[in-house]
Amino acid sequence: MEENGNGSLGFEKKVKVVFVLGGPGSGKGTQCTNIVEHFGFTHLSAGDLLRAEIKSGSENGTMISNMIKEGKIVPSEVTVKLLQRAMMESENDKFLIDGFPRNEENRAAFENVTGIAPEFVLFFDCSEEEMERRLLGRNQGREDDNIETIKKRFKVFMESSLPVVDYYASKDKVRKIDAAKPIAEVFDSVKSCFTPVHEKVAGLAVIY
Ligand SMILES: Nc1ncnc2c1ncn2[C@@H]1O[C@H](COP(=O)(O)OP(=O)(O)O)[C@@H](O)[C@H]1O
Ligand SMILES: Nc1ccn([C@@H]2O[C@H](COP(=O)(O)OP(=O)(O)O)[C@@H](O)[C@H]2O)c(=O)n1
Ligand SMILES: [Mg+2]
């Protein structure tokens, strides 16, 4: 086992991580798809990994499924393992981790197990009214996109996930995006978070 400092996975592989946070329906998955296309990251959605784990017939499947239906946050032990495995199996060294960390336990467990600190945190800011409208129109057949579970997810987001955003804000790591705008406009704001400063200087050649 090598050094477990910033950027190490608990072994030799060094990685860059950006956390993508925001309420349910704020557009995390949609914008991650755009970021992957333009900036060469690999997208790891914690929710997608958990849903794949249910489908795979894992012994934790029933527990995960019940927690998702209730809008509760699955124990970090499970989610961190899935994220760590996905990063180890990938050829890439740049990851967008979407929908994680969702509470303080997630945040501390990831940091302790992997030793990785995020480069920055993208935070999609959107009203509940708009998020509710989007979730009810999402049509992905998800068990948790019903009004009863949506209300529970909003409560969990306010009580458990926003404090994580505040934690990273106190470290000056949060890039807050107005996510209530149309998809293309949101992506314009997202892009500027990924473009190195020297490429933003209008009219100047890119200097490396
Ligand atoms: N800026 C936007 N304006 C309108 N609809 C959006 C926007 N971004 C995403 N959507 C739609 O809202 C729904 C939720 O988006 P999604 O990316 O799955 O959000 P999240 O991963 O944060 O829950 C999807 O149906 C998506 O097509
Ligand atoms: N870090 C995480 C992420 C998701 N989840 C579970 O998975 C559900 C769906 O997460 P998601 O990220 O796919 O949902 P959206 O925010 O994309 O709508 C959450 O409501 C939790 O029940 C979790 O337990 N822990
Ligand atoms: Mg999502």
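The chain is numbered in sequence order, starting from 1. Order of appearance sets the numbers: ligands from 1, and atoms from 1 within every ligand.
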- So how far is it from Leu135 CG to Phe154 CZ, rounded to the nearest 0.5 Å? 5.5 Å
- Which heavy atom in Leu21 sits nearest to a heavy atom in Lys28, and how many Å separate them? C-CD, 3.8 Å
- Message: Using every non-hydrogen atom in the two residues, find where Ser58 and Asn60 come nearest and quote the distance to one decimal.
- Response: OG-N, 2.9 Å
- Item | Protein contact of atom 9 (C) of ligand 2 - nearest heavy atom, named by residue and atom, plus distance | Arg142 NH2, 3.4 Å
- Which one holds for Arg138 and ligand 2: side chain close, backbone close, both close, or neither close, with close meaning a heavy atom under 4.0 Å? side chain
- Task: Report the C-alpha distance between Glu130 and Arg134 in whole Å, list the side-chain angles of each, state the deciding distance to 0.1 Å, and finish with yes or no for salt bridge (Lys or Arg N to Asp or Glu O under 4.0 Å).
- Result: CA-CA 6 Å; Glu130 174 63 15; Arg134 291 180 188 175; 2.8 Å; yes
- Item | Any N or O of Asp48 closer than 3.5 Å to N or O of ligand 2 | no
- Query: Judged by atom type as modelled, is there a donor-acceptor pair below 3.5 Å linking the side chain of Gln31 to the main-chain atoms of Ile183?
  - Reply: yes
- Among protein heavy atoms, which sits nearest to atom 7 (O) of ligand 2, and what does the distance come to when rounded to 0.1 Å? Ile68 CG1, 3.7 Å
- Query: How are the rings of Phe123 and Phe157 set relative to one another: parallel (under 30°), tilted (30 to 60°) or perpendicular (over 60°)?
  - Reply: parallel
- So, does Thr114 use its side chain to make a donor-acceptor pair with the main chain of Phe110 at under 3.5 Å? yes
- Message: Does this structure show an ion pair linking Lys81 with Glu53, if we count only N-O contacts that are shorter than 4.0 Å?
- Response: no
- Task: Taking the side chain as every heavy atom from C-beta outward, state whether Val186 and Ile177 have any pair of such atoms under 4.5 Å apart.
- Result: yes
- Query: What about Val74: any of its N or O atoms under 3.5 Å from an N or O on ligand 2?
  - Reply: yes
- Of all the non-hydrogen atoms in the protein, which one sits nearest to atom 23 (C) of ligand 2, and at what distance? Leu50 CD1, 3.5 Å
- Query: Which residue and non-hydrogen atom of the protein lie closest to atom 18 (O) of ligand 2, and at what distance in Å?
  - Reply: Arg153 NH2, 2.8 Å
- Can you tell me if Asn92 uses its side chain to pair, donor with acceptor, with the backbone of Gly40 under 3.5 Å? yes
- Query: Just which atoms of ligand 2 are under 4.0 Å from any heavy atom in Arg51?
  - Reply: 9 (C), 13 (O)
- Would you mind listing which atoms of ligand 2 come within a distance below 4.0 Å of any non-hydrogen atom of Asn106? 1 (N)
- Message: Does ligand 2 come near enough to Gly99 that some N or O of the ligand is less than 3.5 Å from an N or O of the residue?
- Response: yes
List of N/O pairs, ligand 1 versus protein, all under 3.5 Å?
residue: ligand 1; atom: 1 (N); partner: Arg134; partner atom: NH2; Å: 3.4
residue: ligand 1; atom: 1 (N); partner: Lys181; partner atom: O; Å: 2.8
residue: ligand 1; atom: 1 (N); partner: Ile183; partner atom: N; Å: 3.4
residue: ligand 1; atom: 3 (N); partner: Arg134; partner atom: NH2; Å: 3.3
residue: ligand 1; atom: 17 (O); partner: Gly29; partner atom: N; Å: 3.4
residue: ligand 1; atom: 17 (O); partner: Thr30; partner atom: N; Å: 2.8
residue: ligand 1; atom: 17 (O); partner: Thr30; partner atom: OG1; Å: 2.5
residue: ligand 1; atom: 18 (O); partner: Arg138; partner atom: NH1; Å: 2.8
residue: ligand 1; atom: 19 (O); partner: Gly27; partner atom: N; Å: 3.2
residue: ligand 1; atom: 21 (O); partner: Gly29; partner atom: N; Å: 3.1
residue: ligand 1; atom: 22 (O); partner: Ser26; partner atom: N; Å: 3.3
residue: ligand 1; atom: 22 (O); partner: Gly27; partner atom: N; Å: 3.0
residue: ligand 1; atom: 22 (O); partner: Lys28; partner atom: N; Å: 2.9
residue: ligand 1; atom: 22 (O); partner: Lys28; partner atom: NZ; Å: 2.9
residue: ligand 1; atom: 23 (O); partner: Gly25; partner atom: N; Å: 2.8
residue: ligand 1; atom: 23 (O); partner: Arg138; partner atom: NH1; Å: 3.0

- Note on the structure: heavy-atom search around atom 22 (O) of ligand 2 in the protein gives Lys72 O, 2.6 Å
- Can you name the nearest heavy-atom pair linking Leu83 to Leu49, along with the distance? CD2-CD1, 3.6 Å
- Aromatic ring proximity Phe187/Phe194, centre distance under 6.0 Å: no
- Which of these, Arg102, Met67, Arg134, has its nearest heavy atom closest to atom 10 (O) of ligand 2? Arg102
- Task: Check each atom of ligand 2 against the heavy atoms of Ile73 and keep those under 4.0 Å away; list them by number with element.
- Result: 24 (O), 25 (N)
- Query: At a 4.0 Å cut-off, with the gap strictly under it, does some heavy atom of Glu70 reach an atom of ligand 2?
  - Reply: no
- Message: My understanding is that we take every heavy atom of each candidate and find the minimum distance to atom 8 (C) of ligand 2. Doing that for Asn66, Asp145, Asp144, which one comes out nearest?
- Response: Asp144
- A student checking ligand 2 against Lys28 at a 4.0 Å heavy-atom cut-off should list atoms 15 (P), 16 (O), 17 (O)
- Between Asp48 and Lys55, is there a side-chain N and carboxylate O pair less than 4.0 Å apart? no
- Minimum-distance pair of heavy atoms, taken over all atoms of Ala169 and Val174: N-CG2, 3.3 Å
